[in-house]
Amino acid sequence: MLRVSRLSAGYGAISAVRDVDLEVRQGTLVALIGSNGAGKTTTLNTIAGLHKPSSGSVTVDGREITGWAAHRVVRSGVALVAEGRRVAPPLTVLENLELSAYSGRGSRTERRDELARVFELFPRLADRRNQYAASLSGGEQQMLAFGRALMTMPQVLLLDEPSMGLAPSIVDILFENIETLHRAGATILLVEQNAELALEVSDEVYVIQRGRIVSHGTAEEVRGSAEVMSALFG
Ligand code: ATP
């Protein structure tokens with residue numbers, strides 16, 4: 001479904017990711033884990049069109065989307081839930097969701113059905129549909145950011161550190177939602193600094209260190225590698 005080949009990107013003279021190869025097959029949940037500054041966010045942002053690659057390619061369902069602008073990437077079926085819960089604070093929950101749907105791929109009927117599905121997945125959002133996003137808690141804003149991405153009807157969902165800054169009880173709820181989506185057939189690439197959490201939910205794991213993929217395998221395989229575990233956990 002999503003294939004990244006020899007992708008490199010950087011900031012001016014600084015190289016942040018180098019020759020990254022990864023694949024997310026349809027219906028799988030793949031985690032990209034690594035320590036602070038390893039290049040996880042740069043990888044996701046480059047896939048999502050927020051950052052230009054210096055070389056390499058990104059394809060979705062065999063279609064080249066390398067270097068496309070972010071709005072075109074969304075229309076091609078790739079949605080990013082960026083780090084730091086991007087929502088529009090002066091709009092209500094419902095307006096946030098409806099607005100996001102327009103940048104996506106769904107027809108009017110599909111958008112209506114997806115809204116019902118988002119409210120089913122996140123009942124808190126349904127309860128608060130007429131409240132301003134600014135008035136939501138951090139966890140609720142993360143759920144709204146998630147809901148906004150789903151409203152674009154993505155083929156592939158990119159999640160950047162969904163657990164960041166949230167209380168453990170909220171993280172649990174969020175990860176239950178991620179697992180629910182996964183069971184329903186969603187294709188997900190998850191970036192997490194909390195490797196333990198990522199290993200628990202994912203089918204496959206890539207480990208990135210200093211901009212390069214250093215290990216790839218099932219969660220069990222990665223967990224079983226002493227080298228990888230010491231790189232991740234010290
Ligand atoms: P984190 O978990 O801290 O977000 P990460 O694995 O997502 O880390 P990136 O944010 O992709 O890592 O950063 C990869 C490298 O690129 C780091 O060395 C970082 O310092 C550098 N970098 C990231 N953003 C910029 C920027 N805007 N300008 C210059 N260098 C940057």
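Start at 1 and go down the list; that is how both ligands and their atoms are numbered.
In this structure, atom 3 (O) of ligand 1 lies nearest to the protein heavy atom Asn36 OD1, 2.4 Å. At the shortest separation from atom 5 (P) of ligand 1 among protein heavy atoms lies Lys40 N, 3.4 Å. Looking only at protein heavy atoms, the nearest one to atom 12 (O) of ligand 1 is Gly39 N, 3.1 Å. With hydrogens left out, the protein atom closest to atom 11 (O) of ligand 1 is Thr42 OG1, 2.5 Å, a heavy atom. Scanning all protein heavy atoms for the shortest distance to atom 24 (N) of ligand 1 gives Tyr11 CZ, 3.3 Å. In this structure, the protein non-hydrogen atom closest to atom 4 (O) of ligand 1 is Thr41 OG1, 3.4 Å.
Against a heavy-atom cut-off of under 4.0 Å, Glu161 is close to the following atoms of ligand 1: 2 (O). Against a heavy-atom cut-off of under 4.0 Å, Glu83 is close to the following atoms of ligand 1: 4 (O).
Remark: Met1 CE to Ile188 CD1 distance equals 12.0 Å, nearest 0.5 Å.
At a threshold of 4.5 Å between non-hydrogen side-chain atoms, the residues Tyr206 and Val222 do not count as touching. Contact annotation: the side chain of Leu44 approaches that of Leu80 to within less than 4.5 Å [non-hydrogen atoms, C-beta and beyond]. Side-chain contact between Val214 and Ile208 is absent, with no heavy-atom pair separated by less than 4.5 Å. Between Arg86 and Arg148, every side-chain heavy-atom pair lies at or beyond the 4.5 Å cut-off. The shortest side-chain heavy-atom distance between Ser163 and Leu174 does not fall under the 4.5 Å cut-off. Taking 4.5 Å as the limit, some side-chain heavy atom of Glu192 sits within range of a side-chain heavy atom of Phe175.
Of the candidates Gly34, Ala16, Ser35, it is Ala16 that places a heavy atom closest to atom 16 (O) of ligand 1. Of the candidates Gly211, Ala38, Gly37, the one placing a heavy atom closest to atom 15 (C) of ligand 1 is Gly37.
Protein heavy atoms all stay at least 4.0 Å away from atom 20 (O) of ligand 1.
Annotation for Gln26: atom CD does not count as buried by contact number, only 12 or fewer foreign heavy atoms lying within 6.0 Å.
Note: an N/O pair closer than 3.5 Å links Gln193 and ligand 1 by distance alone.
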